[in-house]
Number of protein chains: 2
Amino acid sequence: MEQEKIVDLEKVTKIKKIMPSDDLLFDIAEVFKVLGDTTRMKIISALLESELCVGDIAEITNSTQSAISHQLRVLKQAKLVKFRKEGKAAYYSLDDEHISTLYEIAKKHIEEGYEHR
Amino acid sequence: MEQEKIVDLEKVTKIKKIMPSDDLLFDIAEVFKVLGDTTRMKIISALLESELCVGDIAEITNSTQSAISHQLRVLKQAKLVKFRKEGKAAYYSLDDEHISTLYEIAKKHIEEGYEHR
DNA sequence: TTATCGTATGAATAATTGTTCATATATTCA
DNA sequence: TGAATATATGAACAATTATTCATACGATAA
């Protein structure tokens, strides 16, 4: 009546040891979470082309100034964008080259997904 | 009394033309959204080491079998993992090499962020 | 100073989503 | 067939979150 269990305890404990800390995995997930919103992705996509001020981004993304400002704060906290102030305006740009790389790879993943149908 | 506006209409319309379609941007954001959850990131991280069955993943991630099964469905739909059935067990693995690349870059972004403090 | 422009922010609301619990399906072994 | 194992799934609940609205803050020009 007793059946053999499938769980590979040796494999499981080995992987548990190798795995990064929960904190690091949380932070990594956090970066993706911030990139995982259409409005923020539009912002990223626009900033790939040029430094832009808040009003311009709102125009380009068909969003309100307020919505964009809120989302820019999220992107700023995740260190995905940086900004400089010039008079009344605040000019935003991508923080480092990782962002564009992440964007390109995800785009490639999507496009290859379409091919395989 | 009229002040000069900052909006650069030429720049805005140019970028609007260059930008990818809303559909593509939505799909790209969707990939990141799926990666943007701690549980799913733990799953990815474990699968980077080895093909694993559902029970093993639950053990490794300290989650329930049900929670993992639900999340694996999300990962499957996003084509981030694939699986094969062998008897009672279902063995899951990463779908393509993009996933590990995305993971590595995000990790690097985090780690460099820590250095800059 | 006053009016205007650009941006930021707090509160409220609506929508999305991850987990739990119970249960169903499927496979293997006695 | 019946019991045990592995996985999947639907419903419900709690928590998170993106947007809107109103308003505040800061800078500039008249």
Side-chain angles (χ1 to χ4, degrees), chain A residues 1-9 11-12 22 25-26 29-30 32-44 51-78 81-93, chain B residues 1-9 11-12 22 25-26 29-30 32-44 51-78 81-93:
Chain A
M1 55 176 68
E2 269 284 313
Q3 281 193 51
E4 195 186 354
K5 296 204 181 171
I6 286 179
V7 182
D8 187 340
L9 251 179
K11 200 189 214 180
V12 166
D22 280 14
L25 290 173
F26 179 88
E30 202 62 23
F32 288 126
K33 187 183 288 180
V34 172
L35 294 172
D37 172 82
T38 308
T39 302
R40 289 192 292 267
M41 188 47 60
K42 284 184 187 176
I43 295 175
I44 299 281
E51 174 188 69
L52 290 166
C53 66
V54 180
D56 287 350
I57 300 175
E59 247 295 302
I60 293 169
T61 60
N62 296 314
S63 304
T64 65
Q65 176 272 321
S66 181
I68 295 303
S69 189
H70 278 296
Q71 299 301 358
L72 282 170
R73 186 162 51 82
V74 175
L75 289 164
K76 214 188 309 172
Q77 284 172 342
V81 304
K82 59 189 174 191
F83 74 109
R84 65 183 180 84
K85 298 213 79 169
E86 189 180 313
K88 288 177 286 190
Y91 289 94
Y92 283 81
S93 56
Chain B
M1 56 172 72
E2 268 285 314
Q3 282 193 50
E4 194 186 357
K5 295 203 181 173
I6 286 180
V7 181
D8 186 341
L9 251 179
K11 200 189 213 179
V12 165
D22 279 14
L25 290 172
F26 179 89
E30 202 61 23
F32 288 126
K33 186 183 289 179
V34 171
L35 293 172
D37 171 82
T38 307
T39 303
R40 289 192 292 266
M41 189 47 61
K42 285 184 186 174
I43 295 175
I44 299 280
E51 174 188 68
L52 290 166
C53 65
V54 180
D56 288 350
I57 300 175
E59 247 296 300
I60 293 169
T61 60
N62 296 314
S63 304
T64 65
Q65 175 271 321
S66 181
I68 296 303
S69 189
H70 279 297
Q71 298 302 358
L72 281 170
R73 186 163 51 83
V74 175
L75 289 165
K76 213 188 310 173
Q77 284 172 342
V81 305
K82 58 189 175 192
F83 75 109
R84 63 183 180 85
K85 298 213 78 169
E86 189 180 314
K88 287 178 285 190
Y91 290 95
Y92 283 82
S93 56

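Within every chain, numbering begins at 1; the chains are lettered A, B, ... in the order of the sequence lines, protein sequences first and strands thereafter. Computation of the quantities below employed the complete heavy-atom set of this structure, encompassing side-chain atoms and omitting hydrogens, waters and symmetry-equivalent molecules.
Residues A:Gln65 and A:Val54 form a side-chain contact, since some pair of their non-hydrogen atoms from C-beta on lies under 4.5 Å apart. Looking at heavy atoms from C-beta onward, B:Leu35 lies in side-chain contact with B:Met41 at the 4.5 angstrom threshold.
What separates NZ of A:Lys88 from P of C:dA3 is a distance of 16 Å, to the nearest Å. To the nearest angstrom, P of D:dT17 lies 14 Å from CG of A:Leu35. Look at CD on B:Glu86: it is 11 Å from P on D:dT7, rounded to the nearest Å. Counting to the nearest Å, the P atom of C:dC21 and the CD atom of B:Gln65 are 13 Å from each other. Taking atom CZ of A:Phe83 as the reference point, atom P of C:dT7 lies 11 Å away to the nearest angstrom. When the P atom of C:dT20 is taken as reference, atom CG of B:Asn62 falls 12 Å away, rounded to whole Å. Atom CG of A:Leu72 is separated from atom C1' of D:dA18 by 14 Å (rounded to the nearest Å). Here the P atom of nucleotide D:dT7 and the CZ atom of B:Arg84 are 12 Å apart, to the nearest Å.
At the heavy-atom level, A:Ser63 lies nowhere under 4.0 Å from the strands shown.
For B:Ser69, no side-chain nitrogen or oxygen approaches OP1 or OP2 of D:dT7 to under 4.0 Å. For the OP1/OP2 pair of D:dA6 and a distance below 4.0 Å, the side-chain nitrogens and oxygens of B:Tyr92 include no atom meeting the criterion.
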Could you go through the side chain to side chain contact (heavy atoms under 4.5 Å, CB included) check for B:Lys42 and B:Ile57 one step at a time?
-> CA-CA 9 Å; B:Lys42 285 184 186 174; B:Ile57 300 175; over 6 Å; no
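Of all the heavy atoms in A:Glu51 and B:Lys11, the pair that sits closest is O-NZ, 3.1 Å. Smallest separation of non-hydrogen atoms from A:Ala90 and A:Phe83: CB-CD1, 4.3 Å.
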Atom pairs under 3.5 Å: protein N/O with N/O of nucleotides 10-12 of chain D:
unit_1, atom_1, unit_2, atom_2, d
D:dG10, O6, B:His70, NE2, 2.8

Would you tabulate the pairs of protein nitrogen or oxygen atoms and nucleotide nitrogen or oxygen atoms of nucleotides 16-18 of chain C closer than 3.5 angstrom?
unit_1, atom_1, unit_2, atom_2, d
C:dG18, OP1, B:Arg40, NH1, 3.3
C:dG18, OP1, B:Arg40, NH2, 2.9
C:dG18, OP2, B:Arg40, NH1, 3.4

Enumerate, atom names and distances included, each donor-acceptor pair closer than 3.5 Å involving a side-chain atom of residues 67-78 of chain B, sequence neighbours excluded.
unit_1, atom_1, unit_2, atom_2, d
B:Gln71, OE1, B:Arg40, NH1, 2.8

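Under the side chain to side chain donor-acceptor pair (under 3.5 Å) criterion, B:Ser63 pairs with B:Thr61, sequence neighbours left out.
Between B:Leu25 atom CG and A:Ile43 atom CD1 the span is 11.5 Å, to the nearest 0.5 Å. With values rounded to the nearest 0.5 angstrom, B:Tyr91 atom OH is found 7.5 Å from B:Asp56 atom CG.
Comparing B:Lys85 and B:Ala67 along DNA chain C, the residue whose closest nucleotide (by nearest heavy atom) sits nearer the 5' end is B:Ala67.
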